[in-house]
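What follows is a short report on a single structure.
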Amino acid sequence: NTAVSICRTESTSHASTLTPDFPPHHYQENFTERSMSWDKLLVSGRLLLSKRLHQGWNFSERNCLGSKCNGTPLMRDKNSTNEVCMVCSGSGNGCDGYYASEK
């Protein structure tokens, strides 16, 4: 059996509303530019994860389902219930954030 992920076209993420400084972090300026490799996203995402922990963010009980995020734990701001992946900036479904720019 092969697992298939089906992505809906409407966005279910409200990640951009978490904090004033949070348009998704490291690639937002040019979403279509492919110069940022997934390896770099993983490294910068883990650095951001550490920074967010120091800012009072919490780990979710879920991990990102994105195939290239390597099970990165989702995080949420202490004042929010919205969850976000620090690698792809998506909601953890593997369809939004940076994955959406690959379509």
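For clarity, every value in this text was computed on a predicted model and none was experimentally measured. Computed from heavy atoms alone, side chains included, the values below leave out hydrogens, waters and symmetry copies.
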Are any of the side-chain heavy atoms of [X] and [Y] separated by less than 4.5 Å?
X: Gln55; Y: Leu53; value: no
X: Leu74; Y: Phe59; value: no
X: Lys78; Y: Asn58; value: yes

Calculate, to the nearest 0.5 Å, the distance between atoms [atom1] and [atom2] belonging to [X] and [Y] respectively.
X: Cys64; Y: Met86; atom1: SG; atom2: CE; result: 10.5 Å
X: Thr72; Y: Leu48; atom1: OG1; atom2: CG; result: 11.0 Å
X: Thr81; Y: Arg76; atom1: OG1; atom2: CZ; result: 8.0 Å

Salt bridge (Lys or Arg N to Asp or Glu O under 4.0 Å) involving Arg46 - partner list, sequence neighbours excluded: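 Partners of Arg46 under the salt bridge (Lys or Arg N to Asp or Glu O under 4.0 Å) test: none.
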Partners passing side chain to side chain donor-acceptor pair (under 3.5 Å) against Ser60 (at least two apart in sequence or in another chain):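 So Ser60 forms a side chain to side chain donor-acceptor pair (under 3.5 Å) with Glu83.
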Test side-chain contact (heavy atoms from CB on, under 4.5 Å) applied to Leu47 - qualifying residues, sequence neighbours left out: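 side-chain contact (heavy atoms from CB on, under 4.5 Å) check on Leu47 returns Val43.
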Polar side-chain atom of Asp96 near backbone of Tyr99 as donor-acceptor pair, under 3.5 Å: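 A pair under 3.5 Å: no.
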Polar side-chain atom of Ser80 near backbone of Asp77 as donor-acceptor pair, under 3.5 Å: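 Here the side-chain-to-backbone pair does not exist.
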Distance-minimising heavy-atom pair for Cys69 and Leu42: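 Shortest heavy-atom contact: O-CD2, 3.8 Å.
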Audit row: Trp57, Leu49, side chain to side chain contact (heavy atoms under 4.5 Å, CB included) steps and yes/no: CA-CA 9 Å; Trp57 287 48; Leu49 186 145; over 6 Å; no
